[in-house]
Novice: 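Please find one structure pasted underneath; my questions will follow.
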Amino acid sequence: MERLKVLLVFGTRPEAIKMAPLAKELQGRPEFLCKICVTAQHRGMLDTVMENFGLAADYDFDIMKKGQTLCGITSRVIEKMEEVIADFRPEVVLVHGDTTTTMSAAIAAFYCGCEVGHVEAGLRTGDKCSPFPEELNRLVTGDVANIHFAPTENNVKNLARENITKQVFITGNTVIDALRYTVRPDYRFESPVLREVTADGRRLVLLTAHRRENLGEPHRAIFRAVKRLAEEYPEVNFVYPVHPNPRVSEPAHEILAGLPNVWLIDPLDTAEMHNLMDRAYLIMTDSGGLQEEGPALGKPVLVLRTETERPEAVAAGTVKISGVAEDAVYRDARELLDDAEAYREMAHAVNPYGDGEASRRIAEALLAVYRGGKAPEPFGA
C-alpha cells in the first residue's frame, strides 16, 4: 500500500500540544509519510512544546514579528503554504482548531487543490465575534475542510446545523492523548518556584488569563478578584504564568505583584504546565485547552469568559462559567475554597472530552477515507 502523505500544520503553543500526539501517532505508523510544518505564529512557546514531545519541523515559516497583525499572519501563511504544498505534495493537510494559522493554512490548501482535515472540528459559540478571531477562523476552516475530526457528539451536531455531515468522525480530543506523555506522579519541576509552591502542602490555585476579548477591564476585574481571594486566603498559593503580551502583563503586575502568596511567573513549557495542573486544587482560566485538560485531571475549572465553545464539561458539572465580573469570579472561587461538597461535585464529574485514543482514531479514519480501511469506532460509543 502506498504511504499516505500527510502534512500537519500548526503555529501556536496550544495547537502544538494537541497536534503533537497525533504527529507521533502518524510518524510511528508505516502507512503514513507525515511531515510537520510550523508557522511559528508563536515562536518560543511553540518551540518548547516541540522539545517536550521530541518533534522536529520539516518546514518552519518563522513568521512571528513584533506587533504582528492578523492580516499579516494570514498573508504570510498563505504565501508560504503554497511553496510547501508544491514541494511535498500531500494528499491531505491537517490543521487544528481555530487559530489564524489554521484558517490561513486551510485556505491555502484549498487554493492549491489539496484536501483538508480539521482536527478539533465543530466547536462553536454561535457569535462570530466571540472569541475573536477564533470563532470565525473555525467557521471558515469547517467550510473548507473535507474531513472533520470532532471531539464530541455535540460538536457533530454543531456541524450538522451547518449542513456538514459527510466524513465526520467523533474521535475525542487529542489534548487528552497529550497528557499521557507529560503527566507523571514522580515529576520533578525544573522551576525552583514551582518546586517550592507544590512542596509546602498548601492548596494551589492556578490562574491563566490571556484571551484577546478579555484585554482591558475584563482582565483587570479578574485580577482584582484574585487579589481579594489572595488577601482573604493567605494559606492558599495562587500561581499565574503571565502571558508576555504587555496588555496582559502590565495590569497583572500592577494589581497582583507584591502579594506574598501570589506567584507571577513566566509562561511554562508543556510538561511543567500539565504537571502543575495535576497538583492544583482549582483552575481559573480564560483558555480553551485548560477547560479540557482540567476535567481530565479531576480539577474543577472556573471559566473566566462569558461563554464557552466547550459546553460538554459545563453540562457534566466539572466546569463552571464565572464570567469576567469581579464579584462573580470572587464568589465562585470562594465557594470552591470553602465548600468541600461543592468542590467534590465538580472534581468527581466525568470528563467528556476523551479517553486518550483520539490520535489512533484519527489515523484510522484517514486510512478509511484514503486507503479503504475500516473506520474507527466513535469515541463514546
Novice: When you check the gap from the basic side-chain N to the acidic O, do Glu292 and Arg310 get nearer than 4.0 Å?
Specialist: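 Yes, charged N to carboxylate O under 4.0 Å.
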
Novice: Answer yes or no: is there a donor N or O on one side and an acceptor on the other, between the side chain of Asp87 and the main chain of Glu83, under 3.5 Å?
Specialist: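 Such a contact is absent between Asp87 side chain and Glu83 backbone.
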
Novice: Does any part of the side chain of Leu268, heavy atoms only, come nearer than 4.5 Å to the side chain of Leu194, both counted from C-beta?
Specialist: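 Yes, close enough: below the 4.5 Å cut-off.
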
Novice: Can you classify the ring geometry of Tyr59 versus Phe88 as parallel (below 30°), tilted (30 to 60°) or perpendicular (above 60°)?
Specialist: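 Rings of Tyr59 and Phe88: tilted, as their planes differ by 30° to 60°.
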
Novice: Just checking, is any N or O donor in the side chain of Gln291 or Thr308 under 3.5 Å from an acceptor N or O on the other one?
Specialist: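 Distance-only check passes for Gln291 and Thr308.
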
Novice: Give a yes or no answer on whether the side chain of Asn261 reaches the backbone of Asn237 with a donor-acceptor pair at less than 3.5 Å.
Specialist: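 No, because the side chain of Asn261 does not come within donor-acceptor range (under 3.5 Å) of the backbone of Asn237.
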
Novice: Salt-bridged, Glu31 to Arg3, with N to O below 4.0 Å?
Specialist: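 Salt bridge flag = no for Arg3 with Glu31.
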
Novice: Measuring centre to centre across the rings, with the benzene-like ring taken for any Trp, is Phe223 within less than 6.0 Å of Tyr240?
Specialist: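 Yes, the ring centres sit under 6.0 Å apart.
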
Novice: Between the main-chain N or O of Thr152 and the side-chain N or O of Asn155, is there a donor-acceptor pair closer than 3.5 Å?
Specialist: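 Checking the backbone N and O of Thr152 against the side chain of Asn155, a donor-acceptor pair under 3.5 Å is found.
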
Novice: Of all the heavy-atom pairs spanning Asn154 and Pro311, show the shortest one and how long it is.
Specialist: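 Where Asn154 meets Pro311 most closely, the heavy atoms are ND2-CG, 3.5 Å.
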
Novice: Of all the heavy-atom pairs spanning Pro241 and Met273, show the shortest one and how long it is.
Specialist: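 Shortest heavy-atom separation between Pro241 and Met273 comes out as CG-SD, 4.3 Å.
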
Novice: Measure from the ring center of Phe238 to the ring center of Tyr233 and say whether it is less than 6.0 Å.
Specialist: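 Between Tyr233 and Phe238, which both carry aromatic rings, the centre distance is not below 6.0 Å.
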
Novice: Please answer whether the main-chain N or O of Thr270 pairs with a side-chain N or O of Asn52 as donor and acceptor at a distance below 3.5 Å.
Specialist: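 Such a contact is found between Asn52 side chain and Thr270 backbone.
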
Novice: Please check if the side chain of Arg76 supplies one atom and the backbone of Ile63 the other of a donor-acceptor pair under 3.5 Å.
Specialist: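 Yes; at least one donor-acceptor contact below 3.5 Å.
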
Novice: Determine the minimum heavy-atom distance between Asn275 and Thr182, stating which atoms define it.
Specialist: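 Asn275 and Thr182 have their closest heavy atoms at ND2-O, 2.8 Å.
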
Novice: Think Arg195 forms a cation-pi with Phe189, using NZ or CZ under 6.0 Å from the six-ring centre and within 45 degrees of its axis?
Specialist: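 No, a cation-pi geometry is absent between Arg195 and Phe189.
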
Novice: Within the 3.5 Å criterion, strictly below it, is a donor on Glu15 or Thr102 matched to an acceptor on the partner's side chain?
Specialist: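 Yes, Thr102 and Glu15 have a side-chain donor paired with an acceptor closer than 3.5 Å.
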
Novice: Run through Val119, Val156, Leu123, Ile170 and flag the one making a side chain to side chain contact (heavy atoms under 4.5 Å, CB included) with Pro151.
Specialist: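 Single side chain to side chain contact (heavy atoms under 4.5 Å, CB included) partner of Pro151 among Val119, Val156, Leu123, Ile170: Leu123.
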
Novice: Which heavy atom of Leu94 sits nearest a heavy atom of Leu26, and at what distance?
Specialist: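 Of all heavy-atom pairs spanning Leu94 and Leu26, the closest is CD1-CD1, 4.1 Å.
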
Novice: Could you tell me whether Glu341 and Arg344 make a salt bridge, using a distance below 4.0 angstrom between a side-chain N and a carboxylate O?
Specialist: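 Yes, charged N to carboxylate O under 4.0 Å.
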
Novice: Pairing donors with acceptors under 3.5 angstrom, does anything connect the side chains of His118 and Asn146?
Specialist: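 No - no donor-acceptor pair under 3.5 Å links their side chains.
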
Novice: Does a side-chain N-to-carboxylate-O contact under 4.0 Å join Asp327 and Arg331?
Specialist: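 No salt bridge links Asp327 with Arg331.
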
Novice: Would you call Lys80 and Asp60 a salt bridge, taking side-chain N to carboxylate O under 4.0 Å as the test?
Specialist: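 Salt bridge between Lys80 and Asp60, a charged N being under 4.0 Å from a carboxylate O: no.
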
Novice: Looking at Asp98 and Arg138, is any side-chain nitrogen of the basic one under 4.0 Å from a carboxylate oxygen of the acidic one?
Specialist: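 Yes.
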
Novice: Between Arg124 and Glu134, does any side-chain N to carboxylate O distance fall below 4.0 Å?
Specialist: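 Looking at Glu134 together with Arg124, the answer is no, because their closest N to O distance does not fall below 4.0 Å.
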
Novice: Between Ser130 and Glu135, does the side chain to side chain donor-acceptor pair (under 3.5 Å) criterion hold? Intermediate values first, please.
Specialist: CA-CA 6 Å; Ser130 181; Glu135 181 78 356; over 6 Å; no

Novice: What pair of heavy atoms forms the shortest contact from Leu46 to Gly11, and how long is it?
Specialist: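 Taking every non-hydrogen atom into account, CD2-O, 4.0 Å.
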
Novice: Is the closest basic N to carboxylate O distance between Glu235 and Arg202 below 4.0 Å?
Specialist: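 Salt bridge: no.
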
Novice: Given the ring of Phe132, does Arg212 sit roughly above its face, with NZ or CZ under 6.0 Å from the centre of the six-membered ring and within 45° of the axis?
Specialist: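 No cation-pi geometry.
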
Novice: Do Ile17 and Phe10 sit in one hydrophobic cluster, given that two such residues count as connected whenever their side-chain heavy atoms are within less than 4.5 Å of each other, even indirectly?
Specialist: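 Yes, it is one cluster - the side chains of Ile17 and Phe10 are joined through contacts under 4.5 Å.
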
Novice: Got a donor-acceptor contact below 3.5 angstrom from the Glu272 side chain to the Asp269 backbone?
Specialist: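 Not a single qualifying donor-acceptor pair exists.
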
Novice: Any donor-acceptor pair under 3.5 Å linking the side-chain atoms of Thr101 with those of Gln41?
Specialist: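 Checked: Gln41/Thr101 side chains pair up, N/O donor to acceptor below 3.5 Å.
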
Novice: Are Tyr353 and Glu293 linked by a side-chain donor-acceptor pair shorter than 3.5 Å?
Specialist: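 Tyr353 vs Glu293: no donor-acceptor pair found between side chains.
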
Novice: Has Arg360 got a side-chain atom pairing as donor or acceptor with Glu25's backbone, closer than 3.5 angstrom?
Specialist: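 No.
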
Novice: Can you check whether Asp332's main-chain N or O pairs, donor with acceptor, with Glu335's side chain at less than 3.5 Å?
Specialist: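 Here the side-chain-to-backbone pair does not exist.
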
Novice: Any ion pair linking Arg361 and Glu377 (charged N to carboxylate O, less than 4.0 Å)?
Specialist: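 No.
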
Novice: Mind checking the CG-CD spacing from Leu366 to Gln167? Nearest 0.5 Å is all I need.
Specialist: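 With rounding to 0.5 Å, CG (Leu366) is 10.0 Å from CD (Gln167).
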
Novice: Taking the inter-plane angle between the rings of His243 and His210 on a 0 to 90° scale, is it parallel (under 30°), tilted (30 to 60°) or perpendicular (over 60°)?
Specialist: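 Taking His210 first and then His243, their aromatic rings lie parallel (interplane angle under 30°).
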
Novice: Can you name the closest pair of heavy atoms from Pro21 and Asp177 and give their distance?
Specialist: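 Closest heavy-atom pair between Pro21 and Asp177: CB-CB, 3.8 Å.
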
Novice: Does Tyr343 use its side chain to pair, donor to acceptor, with the backbone of Tyr281 at less than 3.5 Å?
Specialist: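 At least one qualifying donor-acceptor pair exists.
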
Novice: Give a yes or no on whether the backbone of His96 and the side-chain of Lys18 come within a donor-acceptor separation of less than 3.5 Å.
Specialist: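 Looks like no, no N/O pair under 3.5 Å.
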
